[in-house]
Amino acid sequence: MSSAYTIGHYVRTTLPRIGLEFILPSNPNISVFHSLFKSCSETKDSRWAFIIFRRLLESNVKPSDLTFSLLIKAYVADASSSTVVDSPNAKIEANQIQTHLRKSGFNQYVYLTTAFLDFYGKLGCIYYAQHLFEEMPRRDVVSWNALICGYSRNGYDYDALEVFVQMLREGFSPCQRTLVGLVPSCGRPDIIFQGKAIHGFGIKSGLDLDCRVKNALTSMYAKCADLQAAEVLFEEICEKTEVSWNTMIGAYGQNGLFDEAMLVFKQMQKERMEVNYVTIICLLSANAHLDSTHCYVIKTGFATDASVITSLVCSYAGCGNIESAGLLYNLMPQKNLVSLTAMISGYAEKGNMGLVVECFTQMLQLKMKPDAVAMVSILHGFTDPTFIGSGLGIHAYGLKTGLCADCLVVNGLISMYSKFGDIETVFSLFSEMGEKQLISWNSVISGCVQVGRTSDAMELFCQMRMYGHSPDAITIASLLAGCSEVGFLQFGERLHNYVLRNNLDMEDFLETALVDMYIKCGRLESAERVFKSIKEPCLATWNTMISGYGLSGHEHKALSCYSEMQEQGLKPDRITFLGVLSACIHGGLVWEGKRYFRSMREDFGMIPGLQHNACMVDLLSRAGFLEEAVIFVKNMEVEPDSAVWGALLSSCCIHQELKLGECLAKRLLLLDYNSGGLYVLMSNLYASKGRWDDVARVRKMMKDTGGDGSSGISLIEVSSLEKMNNSMCLSDLSLNTNYWQLSSPH
DNA sequence: CTAGGGTTAG
């Protein structure tokens, strides 16, 4: 025994560098191989396990059941790290070992088949596990546990529950481990009811007294946002382990209670609990102060832990500090899919698609297998039609690899094609989807609104209700945006009512969408009412209200709204200034406009963009200061674009400045600005001077270039009434029919 | 048993 141990120890330290032949005696016996397998387990390195097994067969040594047990243990010990799980070899090797197991007849040992079953579950090969289980002539509680755990950890939550019921029916008595494997499957709002039943079962059987069962239950309730239940369970645990504490930190973090998470962490240290790497990961996901946590990681020596570094990369990338994320990522000796995906999503958020594509290439070079989440992160970056080529490429990659079968990926594709304006592809992707989740409906509805097909969005909304989905804040916000676009006030009001009656979470974007809808539909008072009801409007909502006042011709209200916003301690952004400046244009407030334009740079350090400059040109020229406007354009730091020249030109129309107008029109044509608007303006300009020949000439030019202006569309609300009523009677929006009759058409 | 990457809105 002692010599075997020595060999094992020797192997552990030197195996990777010297060949196996060097260590093996000429006539090795079985115990030598056993101790080699043991050392693989100890070092959590299964890379040599298969080679050793081959040598064993070559040496004509007959394996025993213990051989297989130790061999599979070597794999399972390594399976906790992701390397063996990601390795395609592990699956093939396990298959081969299993064949030998059958040949030698040792598969009659329940414990050996169960060990394989468990390993297949850990590798994610759940169908192999299932198959093995079905083939087993005899099973024990451990076999059932392994199958339940396999289903559970691979996301087959219903199957896990079903197997549990079957297990009870066949008269097996669950143990603590059964529940520990099963309970994580119930951490979903749709099956928390079953989770509570299991909890009850645990109480009745006394199995819930086990700390690990209680940990799992705590986490289950936290995942369903039932923090009270989680707290009660946590308190109930007599001997809390570090896992219990981590679970509670995670519970608060997942539900946005960051201060509470921090308190639990402090309490944990007070109780002299040992902080482990999962604690750090939980803290990071609970929005702990990034710099301090990073320091803490370095001081406590967790900086060598790959999972911790991965989490740090994710946190830095998530808060927009992609530089720090990149520095850390580059220092990682062993890159992994999660950290690289975090990098991709950071670059995508910043719109740096060059680097996104580079990361994707790196992913393939490093032989990582992109999964659905990685795909979605990449797709997310393709924000406009300039990326159609790369977007199609990624779509093709998804088709080839089978990743497009994942509805996550299809959702990503739907929103990408919406941004490309390719609504036909959106529809075909959507119709080919099997089970359509709420998020898929939302994606396609928002896609319709984005490309200006509001009536299709409404129709889809009806269908969505027919399929039994309840709209959420995002559905409503998308539809409200559609209402704003076509001025569909009554539908917008119904949506508002739906929000109020169903206590939908009044998130920032929903409030903003409501205010915007009322403004665009010409209901300033309603917009004001909604705005005043908001406790703490966010910057976007303030911006909407400011520009709304401007749009409605209340420039002074817009400006006082702007001051009020600053009194609330909010800092304006570029969009705020667009609202403020356009309000000045509407009111002809030249002096004020100039002041705000200056303030943008002097008080807030923002460099005015093209749009801000166009506003100034518009402001000056409309008010008749054409000469000053021209000087302003000449002094601009950025190259003027069509909007700037267009603003000048339209003022020439108002002030009948023919010569300047002609000069500007030429410039615009040189900019390749070939829009009907330009010809219409010029035609009007000539008409104002009575130069009818020129009018005819411009009109002909317009026809020749095919730019006959965009035809106007008039929308009357009543025309959509029927469609809307259809939608309403399917939803509980229509339950209140009185409202519908009482509200007079506006 | 606890844990890290993602989607719809803006």
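A, B, ... follow the sequence lines: proteins, then strands. Residue 1 opens every chain.
Residues in residues 301-315 of chain A take part in these side-chain hydrogen bond (donor to acceptor under 3.5 Å, both in side chains) pairs, two or more places apart or across chains: A:T310-A:N336.
Rounded to whole angstrom, the span from the CG atom of A:D472 across to the P atom of B:dT8 amounts to 13 Å. Whole-Å rounding puts the A:M368 CE to B:dG5 P distance at 16 Å. Rounded to whole angstrom, the span from the CD1 atom of A:I445 across to the P atom of B:dT7 amounts to 19 Å. A straight line from NZ of A:K214 to P of B:dC1 spans 18 Å, rounded to a whole angstrom. Separating the CG atom of A:L340 from the C1' atom of B:dG5 is a distance of 10 Å, rounded to the nearest angstrom. Between the CD1 atom of A:I476 and the C1' atom of B:dG10 there is a distance of 16 Å, given to the nearest Å. When the P atom of B:dT7 is taken as reference, atom CE of A:M375 falls 14 Å away, rounded to whole Å. The separation between A:N411 atom CG and B:dG6 atom C1' is 11 Å, rounded to whole Å.
For the pair A:K436 and B:dT7, the criterion of a side-chain N or O lying under 4.0 Å from OP1 or OP2 is not met. Between A:S311 and B:dA3 there is no side-chain polar atom (N or O) within less than 4.0 angstrom of OP1 or OP2. Look at A:H380 and you'll find a side-chain N or O under 4.0 angstrom from OP1 or OP2 of B:dT7. A sub-4.0 Å separation between OP1 or OP2 of B:dT2 and a side-chain N or O of A:Q254 is absent.
Residue A:A513 is classed as having no contact, given no heavy-atom separation below 4.0 Å to the nucleic acid. Looking at heavy-atom distances under 4.0 Å, A:D371 makes contact with a base. Residue A:Q450 is classed as a sugar-phosphate contact, given heavy-atom separations below 4.0 Å to backbone atoms only. Within 4.0 Å of A:S219, counting heavy atoms only, lie sugar-phosphate atoms of the nucleic acid but no base atom. Heavy atoms of A:T247 sit under 4.0 angstrom from primed sugar atoms or phosphate atoms, though from no base atom. Residue contacts shown for A:K223 are limited to sugar-phosphate atoms, with no base heavy atom under 4.0 Å away. Residue A:V376 is in sugar-phosphate contact alone, with no base atom involved, counting any heavy-atom pair closer than 4.0 Å across all strands shown.
For the side chain to side chain contact (heavy atoms under 4.5 Å, CB included) with A:L495, the lone residue among A:I476, A:L504, A:L514, A:L500 that qualifies is A:I476.
Residue-environment remark: CD (A:E271) exceeds the threshold of 12 foreign heavy atoms within 6.0 Å.
A cation-pi arrangement is present between A:K436 and A:F430, with the terminal nitrogen or guanidinium carbon under 6.0 Å from the aromatic centre and inside a 45° cone about the axis. Seen from the ring of A:F382, A:K419 does not count as a face-on cation partner, given the 6.0 Å and 45° thresholds.
Relative to the side chain of A:N442, the nucleotides B:dT8, B:dA3, B:dT2 differ in distance, and B:dT8 lies closest. Of the candidates B:dG6, B:dT7, B:dC1, the closest approach to any side-chain atom of A:S415 belongs to B:dT7. Between B:dA9, B:dG5, B:dA3, one nucleotide has an atom nearer to the side chain of A:F509 than all others, and that is B:dA9. With distances taken from any side-chain atom of A:N246 to the nucleotides B:dA3, B:dG10, B:dT2, the minimum falls on B:dT2. Nearest to the side-chain atoms of A:A342 among the listed nucleotides B:dG5, B:dT8, B:dC1 stands B:dG5. The listed nucleotides are B:dC1, B:dG5, B:dG4; the one nearest the side chain of A:T341 is B:dG5. Here B:dT8 is the nucleotide among B:dG4, B:dT8, B:dG6 with the atom lying nearest to any side-chain atom of A:K419.
Side chain A:T310 to base B:dG4: a donor-acceptor pair is found below 3.5 Å.
Residues passing the ring pair (Phe, Tyr, Trp, His ring centres under 6.0 Å) test with A:F531 are A:W542, sequence neighbours excluded.
Judged by distance alone, the side chains of A:Q365 and A:T361 never bring a donor and an acceptor atom under 3.5 Å apart.
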